[in-house]
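Note sheet for the following structure.
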Amino acid sequence: MFKVASALLLAAVSIAPAQAATSIILNSGSTALPTFTTAAVFQNFNVPTTGVNNFVPNSTNNASVATESTTGPLTRVTTRDAGLAGMTQDYLAIANSASYNLSFVRPVSFFSFAFNIAANPGTNAFVTLNFMNGTSETFFGSAIFGSPSTLPTFGRVSYDVGGSSQIISAIIGKNADGAPGSSSHRFVVEDIAAAVPEPATWLMMILGFGLVGSQLRRRNGKLALSAA
Amino acid sequence: METVFDFLTVGIFAGLIVLFLKRSVDDDNPVADNDEPPVDDHLWQYLVASVGCAGANYVGNEGYPIPAVALIIATLAFIAYVLRPFPGFPPR
């Protein structure tokens with residue numbers, strides 16, 4: 001028993017790495033979340049009105065996951081009539097010198113968003129992840145998508161930190177660019193998702209094993225004895 | 001299973017379940033009881049240890065590693081002293 005327990009503990013410690021590089025998962029041509037994650041979309045930017053609207057932080061997102069703030073000119077564009085590929089209903093268009101900032105209510109191990117590069121986000125687009133241990137990581141241009149050989153027009157990019165330090169806040173933004181710094185250049189994002197812990201899993205495990213054990217004890221006539 | 005607290009607490013919980021189920025089935029088996037003295041355990045004791053694991057996991061994943069480690073140590077101590085998975089250790 002002791003050998004088994006210490007082997008389990010050793011395995012648990014050795015599996016969890018020190019601060020490792022964030023793994024970037026790129027889904028080309030699909031905005032669906034990877035199947036392995038329990039992450040859920042908490043911000044889809046959908047608003048009841050049509051037309052071009054200024055983005056209002058904390059308006060349509062799930063506030064129990066993250067609070068939002070912005071800098072610079074962000075625009076939420078309605079695409080219900082003539083949509084960009086992969087973008088359902090409304091999306092967030094981040095212009096030059098603008099950023100969309102997320103502060104997670106609980107640290108998350110997984111952060112993800114759908115994107116469309118038709119508006120040419122360029123090399124000045126960036127994603128910054130701030131970790132619980134005080135470090136941060138910033139990806140520029142195609143590094144945002146894991147530097148693929150060909151950049152898909154649209155898809156979903158996910159950041160998975162695994163067992164290393166959790167993400168406490170994230171910034172999706174675009175620095176001011178020089179030529180061709182057209183104001184029409186936008187970093188278009190949609191369907192922001194994050195993985196949040198599930199305490200209900202523990203409840204199910206404890207109840208399940210408790211039920212099995214109590215049935216076994218009842219059969220053995222041990223429950224009446226031990227419950228006394 | 002993503003953080004170090006997930007692995008630690010689920011590992012402890014797995015060991016606890018093995019102990020719980022083993023003691024639930026082999027109490028009336030004279031052969032299995034040869035090398036171990038009978039243990040007077042209760043269902044609520046396993047519940048306390050399970051809630052300790054779940055609580056440590058929650059606190060750790062919320063970003064409070066020191067309270068989480070303290071809770072893990074307290075849970076291990078509770079298991080060792082009350083449920084006694086290792087006969088003779090710790091000595092009574």
Side-chain angles (χ1 to χ4, degrees), chain A residues 1-18 37-38 104-110 131-133 160-166 168 195-203 205-223 225-228, chain B residues 1-29 35-36 38-65 72 76 79-80 83-89:
Chain A
M1 187 69 196
F2 182 72
K3 273 183 185 168
V4 174
S6 38
L8 265 175
L9 273 178
L10 272 176
V13 169
S14 56
I15 286 166
T37 179
T38 56
F104 294 106
V105 175
R106 295 178 185 177
V108 298
S109 57
F110 183 92
F131 301 103
M132 217 161 67
N133 65 4
D160 193 343
V161 300
S164 53
S165 194
Q166 310 279 287
I168 52 171
V196 293
E198 287 187 76
T201 315
W202 280 95
L203 188 68
M205 285 199 295
I206 292 170
L207 277 179
F209 282 113
L211 209 65
V212 171
S214 62
Q215 286 300 314
L216 286 169
R217 281 168 191 235
R218 183 162 300 177
R219 191 173 298 170
N220 288 349
K222 201 189 169 217
L223 192 65
L225 200 77
S226 64
Chain B
M1 295 294 282
E2 279 161 350
T3 68
V4 66
F5 293 107
D6 288 343
F7 283 99
L8 275 175
T9 55
V10 173
I12 296 166
F13 185 70
L16 188 70
I17 292 305
V18 170
L19 183 72
F20 174 57
L21 293 181
K22 179 176 172 295
R23 292 211 179 137
S24 298
V25 291
D26 71 9
D27 208 46
D28 292 340
N29 182 348
D35 53 342
E36 290 182 26
V39 180
D40 184 24
D41 61 347
H42 299 257
L43 272 179
W44 68 263
Q45 293 167 337
Y46 296 95
L47 182 65
V48 168
S50 303
V51 170
C53 287
N57 180 271
Y58 179 79
V59 173
N61 287 341
E62 285 287 293
Y64 304 102
I72 287 173
L76 286 174
I79 293 171
L83 291 169
R84 307 192 71 77
F86 317 119
F89 177 83

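The two atoms that bring A:I206 and B:V51 nearest to each other are CD1-N, 4.3 Å, heavy atoms only.
Aromatic ring centres of A:W202 and B:F13 lie closer together than 6.0 Å.
Contact of the B:Y46 side chain with the A:F209 side chain is not registered, since no non-hydrogen atoms from C-beta on lie closer than 4.5 Å.
Atom CG of B:L43 is separated from atom CZ of A:R217 by 5.5 Å, given to the nearest 0.5 angstrom. Of the inter-residue distances, the one linking A:Q215 atom CD with B:S24 atom OG reads 11.0 Å to the nearest 0.5 angstrom.
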